[in-house]
Amino acid sequence: MGSSLTIPTLSTNMIKTITTVKEMQAVSNELRKDKKIGFVPTMGYLHEGHLALVKKARELGDIVIVSIFINPTQFGPNEDLAKYPRDFDRDAILLEREKTDIIFFPDSKEMYPKGYSTYVQVRDLQNHMCGKTRTGHFVGVATVVTKLFNIVKPHFAVFGQKDYQQLKIIERMVQDLNMDIEIIGYPTVREQDGLAMSSRNTYLSPDERSRALLISASLTEAERLFRNGTRDVALIRQEVERVLKSKEGVDIEYVSITDPDTLEDITKIHDRALVAIACHVGKTRLIDNKVLMEEH
Ligand code: AMP
């Protein structure tokens with residue numbers, strides 16, 4: 001967790017929590033008449049990264065709604081659904097502090113009742129990076145985000161660039177399906193030492209955490225090479241992998257250097273490139289990325 005997050009001992013019962021689809025839709029219908037609704041979907045166990053998205057929504061909207069839902073359809077059979085960290089009371093205190101108006105907190109039966117059969121698939125973008133190993137993950141994401149949009153009815157929603165592929169898929173989906181919702185991307189929030197904040201960082205032992213720092217360090221190295229004029233993707237990949245392998249115990253799933261819009265591999269950087277990494281550190285899967293961009 002973010003070391004800067006001190007949790008007040010006070011409990012909360014001020015913040016409105018809604019658990020049913022029907023009530024959420026009814027409340028949003030009322031609010032939408034004269035208020036701009038901003039929405040931040042999360043899986044809970046909040047850190048400063050999530051809270052930065054909430055602050056952004058607070059800044060841009062009249063009403064801020066945050067969902068907390070650990071979506072089973074985006075987890076594979078061998079993934080960490082059962083042990084994913086949960087602490088609703090703590091999340092509610094943090095959200096209240098950020099002046100969130102409503103928490104939408106449904107359970108799985110509410111979201112996927114008996115007989116549930118409909119899924120949303122965004123083609124092409126799902127075939128790269130995390131989509132190669134996490135089969136079905138982005139169908140789960142696109143499906144739950146569509147459902148949440150239909151339930152919460154926001155004017156805009158804020159997503160983190162930390163999950164870069166997810167952000168691109170949601171942008172594509174909103175465009176393709178003519179959803180009348182503005183998608184706002186927010187830069188990755190990091191710990192002081194560079195580690196991208198993630199609810200999964202809580203799984204890391206102190207030793208694993210120090211090894212995990214190689215991920216952000218390797219991205220910084222990619223940036224340094226780019227700033228020094230390197231445009232050859234093979235060379236940048238080689239250096240990123242060298243940094244990642246400089247200590248034992250960081251297992252690379254992928255180092256992907258691509259066009260930031262299509263996520264297609266490139267061999268030479270012209271104007272911009274996405275460098276995205278997925279690694280296993282111990283049993284924990286971590287992702288991070290950086291967009292390399294010419295300074296005009
Ligand atoms: P999650 O709870 O992991 O599903 O994340 C909920 C939202 O928070 C997603 O839009 C994520 O991209 C975003 N998010 C997670 N970690 C960070 C971070 N370190 N910086 C910015 N946004 C983040």
Side-chain angles (χ1 to χ4, degrees), residues 1-2 40-47 49-50 53 66-88 90-91 104-114 116-148 159-170 173 188-189 195-205 207-209 211-212 214-216 244 249-256 263 276-289:
M1 295 304 296
V40 181
T42 82
M43 298 203 297
Y45 215 70
L46 305 178
H47 51 65
H50 297 113
L53 310 189
V66 176
S67 62
I68 298 178
F69 179 60
I70 303 176
N71 174 37
T73 64
Q74 71 188 67
F75 285 79
N78 299 316
E79 295 183 1
D80 57 345
L81 174 62
K83 69 162 189 167
Y84 196 84
R86 296 158 164 87
D87 190 342
F88 179 80
R90 179 181 175 282
D91 289 345
F104 180 52
F105 183 51
D107 66 15
S108 287
K109 277 202 235 93
E110 183 69 11
M111 292 295 278
Y112 300 105
K114 198 161 177 288
Y116 189 88
S117 319
T118 306
Y119 293 87
V120 180
Q121 186 185 50
V122 179
R123 293 188 181 167
D124 300 336
L125 287 172
Q126 68 166 8
N127 297 334
H128 307 280
M129 294 161 48
C130 294
K132 286 188 183 165
T133 45
R134 302 191 73 187
T135 317
H137 169 69
F138 288 115
V139 169
V141 169
T143 301
V144 81
V145 171
T146 300
K147 287 172 66 64
L148 289 167
F159 288 83
Q161 287 165 7
K162 154 97 181 355
D163 299 278
Y164 188 94
Q165 189 173 14
Q166 168 175 285
L167 172 62
K168 287 294 136 188
I169 284 175
I170 300 299
M173 176 184 87
T188 301
V189 178
L195 182 67
M197 288 193 182
S198 164
S199 305
R200 290 188 169 98
N201 290 351
T202 186
Y203 299 149
L204 299 170
S205 69
D207 182 52
E208 288 170 343
R209 195 193 174 290
R211 279 182 273 149
L214 292 176
I215 302 171
S216 52
L244 290 170
V250 179
D251 294 331
I252 301 173
E253 182 182 303
Y254 64 75
V255 172
S256 165
L263 309 184
I277 296 173
C279 284
H280 284 86
V281 180
K283 287 192 172 136
T284 307
R285 184 176 182 279
L286 298 172
I287 57 170
D288 200 352
N289 69 80

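Taking every heavy atom of both residues into account, Gln121 and Arg123 meet most closely at OE1-NE, 3.6 Å. The minimum heavy-atom distance linking Arg211 with Val250 is given by the pair O-CG2, 3.7 Å. The minimum heavy-atom distance linking Phe104 with Met111 is given by the pair CE2-SD, 4.3 Å. Here the shortest heavy-atom pairing between Leu46 and Asp91 reads N-OD1, 2.9 Å. Nearest approach of Ile215 to Leu244, heavy atoms of both residues: CA-CD2, 3.8 Å. Annotation for Cys130 and Arg285: closest pair SG-NH2, 3.4 Å, computed over non-hydrogen atoms.
Looking only at distances, a side-chain donor or acceptor of Thr188 sits under 3.5 Å from a matching main-chain atom of Lys162. Formation of a donor-acceptor pair under 3.5 Å by the His137 side chain with backbone atoms of Gln74 is found in this model. Asn201 contributes a side-chain N or O that, together with a main-chain N or O of Ala196, makes up a donor-acceptor pair within less than 3.5 Å. Not one N or O on the side chain of Gln166 forms a donor-acceptor pair closer than 3.5 Å with the backbone of Val141. A side-chain donor-acceptor contact under 3.5 Å links Ser199 to the backbone of Tyr45. Side-chain atoms of His128 do not come within 3.5 Å of backbone N or O of Leu125 as any donor-acceptor pair.
The distance from atom CG of Leu204 to atom CZ of Arg209, rounded to the nearest 0.5 Å, is 8.0 Å. With rounding to the nearest 0.5 Å, the separation of CG in Asn289 from CE in Met129 is 6.5 Å. We find the CG-CG distance between Leu214 and Asp288 to be 12.0 Å, quoted to the nearest 0.5 Å. Note that the OG atom of Ser256 and the NZ atom of Lys132 stand 7.0 Å from one another [nearest 0.5 Å]. Interatomic distance, CG of Asp124 versus CG of Leu263, reported as 10.0 Å (0.5 Å rounding). Interatomic distance, CZ of Arg134 versus CD of Glu79, reported as 4.0 Å (0.5 Å rounding).
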Problem set entry | Candidate pair Phe69 and Glu110, rule side chain to side chain contact (heavy atoms under 4.5 Å, CB included), full reasoning | CA-CA 11 Å; Phe69 179 60; Glu110 183 69 11; over 6 Å; no
Exercise. For Ile277 and Ile252, what are the C-alpha separation, side-chain angles and deciding distance, and is it a side chain to side chain contact (heavy atoms under 4.5 Å, CB included)?
Worked result: CA-CA 8 Å; Ile277 296 173; Ile252 301 173; 5.7 Å; no
Exercise. Step by step, would you call Thr73 with Val139 a side chain to side chain contact (heavy atoms under 4.5 Å, CB included)?
Worked result: CA-CA 8 Å; Thr73 64; Val139 169; over 6 Å; no
Exercise. After noting the C-alpha distance and the side-chain angles of Thr284 and Glu208, does the key distance pass the side chain to side chain donor-acceptor pair (under 3.5 Å) rule?
Worked result: CA-CA 9 Å; Thr284 307; Glu208 288 170 343; 4.8 Å; no
For this session: Before giving the answer on side chain to side chain contact (heavy atoms under 4.5 Å, CB included), spell out for Thr146 and Met173 the whole-Å C-alpha distance, their side-chain angles and the decisive distance to 0.1 Å.
Result: CA-CA 9 Å; Thr146 300; Met173 176 184 87; 3.3 Å; yes
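For the pair Arg200 and Tyr84, the cation does not sit on the ring face, since its NZ or CZ is not both under 6.0 Å from the ring centre and inside 45° of the axis. Taking the ring axis of Tyr203 as reference, the NZ or CZ atom of Lys83 stays within 45° of it and closer than 6.0 Å to the ring centre.
Residues Val144 and Tyr112 are in side-chain contact: their nearest non-hydrogen atoms beyond the backbone lie under 4.5 Å apart. Contact annotation: the side chain of Tyr164 never approaches that of Ile287 to less than 4.5 Å [non-hydrogen atoms, C-beta and beyond]. Two residues are said to be in side-chain contact when any heavy atoms from C-beta on lie closer than 4.5 Å; Phe88 and Ile68 meet this criterion.
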